[in-house]
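What follows is a short report on a single structure.
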Amino acid sequence: MTAISPDPVLADTAPALQLDSVRKVYPTGDEEVVALDHATLTLGTDEIIALVGPSGSGKTTLCSIAGGILSPTEGTVVVAGEDITDYSQKQLTDFRREHVGFVFQGVNLIPFLTARENLLVVDEIGRRTGAAGRERADQLLEELGLADRAGHMPAELSGGQRQRVAIGRALMNDPDLVLFDEPTSALDTKLGEQVMDLIRNEMKSRGTAAIVVTHDERMTHYTDRIVHIVDGVLTE
Amino acid sequence: MRLALREMLRRPGQFMTAAVLLTLIAMLLMLLGGLLDGLILRSTGAIRAQRADLVVFSATAEQSFLRSRVTPETRAQVAAVPGVTSVGGIGVTQLGARIPGNGPRDLADVALFGYQQAPDGVPAPPADGEVWADSILQDNGVKQGQTLQLGPSRSKVKVVGFVDDVSYSGAGSLWANPATWRAVQNENRPASSVAPGVFQALVVRTSGSSSSVADAIDQATAESAGGATETVSLAAASDAIGGVKQQRSVFNQIIGVTLVIAAVVVALFFALLTVERVGLYGVLKAIGARSRTLFAGVVAQAAVVALTAAAVGTVFAVLLDVLLPPGAIPYQLLPSRVVISGVSLLIAAVIGSSFSLRRVLRVDPASAIGRAS
């Protein structure tokens with residue numbers, strides 16, 4: 001088990017994610033539940049993997065640890081060359097804001113903000129770049145084919161459009177790693193494929209790594225690799 | 001913060017219940033404050049109007065004009081104290097007044113003052129048998145040139161003009177020269193008659209620190225054959241008027257309870273709102289929002305609701321001031337009261353909303369993952 005310390009020179013070439021023998025244990029009463037059991041996983045800088053597994057298999061825990069929401073009980077977590085294993089909650093919050101993108105299940109856009117404002121939230125809670133942030137949001141909306149929907153509320157958008165806004169939001173902070181939590185679960189096959197195609201294009205064109213959590217084996221051929229997880233154990 | 005304020009603009013309906021409740025509370029606060037100020041001002045006008053820094057009572061009087069007597073000897077000692085620049089005698093008798101044109105039992109409460117040093121807005125003492133009348137007595141039908149009959153002895157005084165904001169203990173005041181006042185006092189209150197040259201109290205102007213002059217006066221008269229004194233500030237003399245302290249304390253307690261209610265309303269409302277927002281906060285925390293930012297948003301929303309309520313409450317207070325017929329109820333709109341009410345409502349709202357802090361802190365960003373919206 002070797003810990004990789006953050007190195008700005010290596011950062012560009014360092015893997016997007018390195019999980020080394022990560023264990024996560026939840027205490028429940030007198031017993032312990034092992035959600036993740038010595039998981040080791042490395043993601044290249046622009047690699048897209050599908051994480052497939054039944055409910056309760058540890059997908060959520062793995063994503064939460066990889067995305068800097070939870071800290072592991074054992075093992076090391078290195079994201080884009082930065083070892084976040086022992087980060088405090090506050091450090092993790094700052095880390096997520098700068099380096100990780102999330103697309104949540106059910107999209108979870110902020111209902112009282114327009115599509116454009118949903119993207120700008122990332123800038124407002126973070127660096128507050130002002131004009132640069134607005135420019136980036138407009139550019140992302142343009143790329144995602146949403147330029148003419150920028151001023152619409154989530155309720156006025158179709159399911160596919162909402163999903164694209166969520167992808168735009170995840171890319172606002174120019175992340176090193178994006179986590180997609182069941183991105184196609186609410187969409188029909190055709191729309192799901194379109195969204196997966198879009199995800200692949202966006203990730204590859206930016207050289208950004210991604211983990212796509214899915215139940216849907218049909219969507220896995222858009223990814224570079226499939227990782228299965230059962231009872232907290234990873235298999236390829 | 002911007003997110004929170006934008007939410008208020010986009011979903012004003014969500015905050016309507018809290019805004020309406022707080023607005024009602026703000027109106028109540030302004031009304032209570034206005035009534036308190038009105039009552040106090042109406043009780044203390046005659047004392048506040050004195051162009052003086054100190055009031056000298058006899059030591060045993062417990063700051064009551066009724067019980068106090070100051071002899072000419074004591075007065076001379078007071079005048080000799082360094083720092084005393086002027087001394088005026090004052091006395092007051094509270095009586096029922098019969099007003100021409102009103103029924104035989106329709107008496108108006110009046111306070112007849114005998115004075116030497118003219119208070120603010122009151123001309124110099126009039127001739128014997130004449131009085132300046134408080135303008136609030138016009139509501140009782142008093143007119144210039146009328147002769148009023150005071151007390152059981154029906155002592156006659158003629159109204160020669162009106163003066164404003166000089167009422168005393170809730171009653172309209174009449175301002176006579178010392179001889180007229182003594183005559184009326186002695187006719188109607190033979191048991192507590194006042195000898196020539198004697199007053200109930202002295203109003204004293206000072207140069208320099210009035211509190212040290214007050215101490216010096218009491219020291220100078222301590223061994224006096226004419227009687228020791230108790231010298232207090234004008235504000236303390238106002239507070240010593242019957243009922244003033246009690247009114248203030250009762251109203252302040254009601255205002256305090258009202259503010260606690262405001263804080264509880266805000267606390268409950270934002271607790272509910274925070275519970276509703278657990279999903280939203282989870283997502284925002286997952287994408288990197290700090291708890292501090294989210295909590296600041298909650299407090300900002302409570303502050304906006306409170307300020308809106310205070311603004312509407314202020315409009316209500318002004319309307320009340322304009323629309324109430326003068327003298328109908330003792331209501332007085334003071335800018336300082338409006339500011340104090342607004343600021344205390346704001347503080348109550350901020351305190352109330354801060355009860356949501358724990359809930360905001362407890363939201364787990366992990367809850368945003370692995371869960372449909």
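Here the structure is a predicted model, which means the values were calculated and not measured. Numbered from 1 within each chain, the chains take letters A, B, ... in sequence-line order.
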If you draw a 6.0 Å radius around [atom1] in [X], do more than 12 non-hydrogen atoms from other residues or ligands fall strictly inside?
| X | atom1 | answer |
| --- | --- | --- |
| Asp231(A) | CG | no |
| Gln91(A) | CD | yes |
| Asp86(A) | CG | no |
| Phe355(B) | CZ | no |
| Arg48(B) | CZ | yes |

If I compare all heavy atoms of [X] with all of [Y], which pair ends up nearest, and what's the gap?
| X | Y | value |
| --- | --- | --- |
| Ala289(B) | Thr93(A) | O-CG2, 3.7 Å |
| Leu70(A) | Ala366(B) | CD2-CB, 4.3 Å |
| Phe104(A) | Ala286(B) | CZ-CB, 3.6 Å |

Residue Leu294(B) versus chain A: region with a heavy atom under 4.5 Å: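 Leu294(B) has no heavy atom closer than 4.5 Å to chain A.
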
Distance, nearest 0.5 Å, that separates CG of Leu284(B) from CG of Asn108(A):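 Leu284(B) atom CG to Asn108(A) atom CG measures 9.5 Å (nearest 0.5 Å).
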
task: Hey, could you give me the CE/CZ distance between Met8(B) and Phe112(A), rounded to the nearest 0.5 Å?
output: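 If we round to the nearest 0.5 Å, Met8(B):CE and Phe112(A):CZ are 11.0 Å apart.
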
What I'd like to find out is whether the side chain of [X] reaches to under 4.5 Å of the side chain of [Y], using heavy atoms alone.
| X | Y | result |
| --- | --- | --- |
| Arg10(B) | Leu113(A) | yes |
| Ile287(B) | Asn173(A) | no |
| Val121(A) | Arg2(B) | no |
| Val283(B) | Phe102(A) | no |

field: Option that, when pairs with chain B are counted at under 4.5 Å, heavy atom only, ranks first among Lys59(A), Glu98(A), Glu117(A), Gln89(A)
entry: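 Most pairs with chain B among the choices: Glu117(A).
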
task: Heavy atoms only, distances under 4.5 angstrom: which of Met172(A), Met153(A), Glu124(A) has the most pairs with chain B? Name it, please.
output: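 Of the candidates given, the most pairs with chain B belong to Glu124(A).
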
- request: Pick whichever of Lys285(B), Arg11(B), Arg292(B), Arg290(B) has the most heavy-atom pairs under 4.5 Å with chain A.
  value: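 Heavy-atom pairs under 4.5 Å are most numerous for Arg290(B).
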
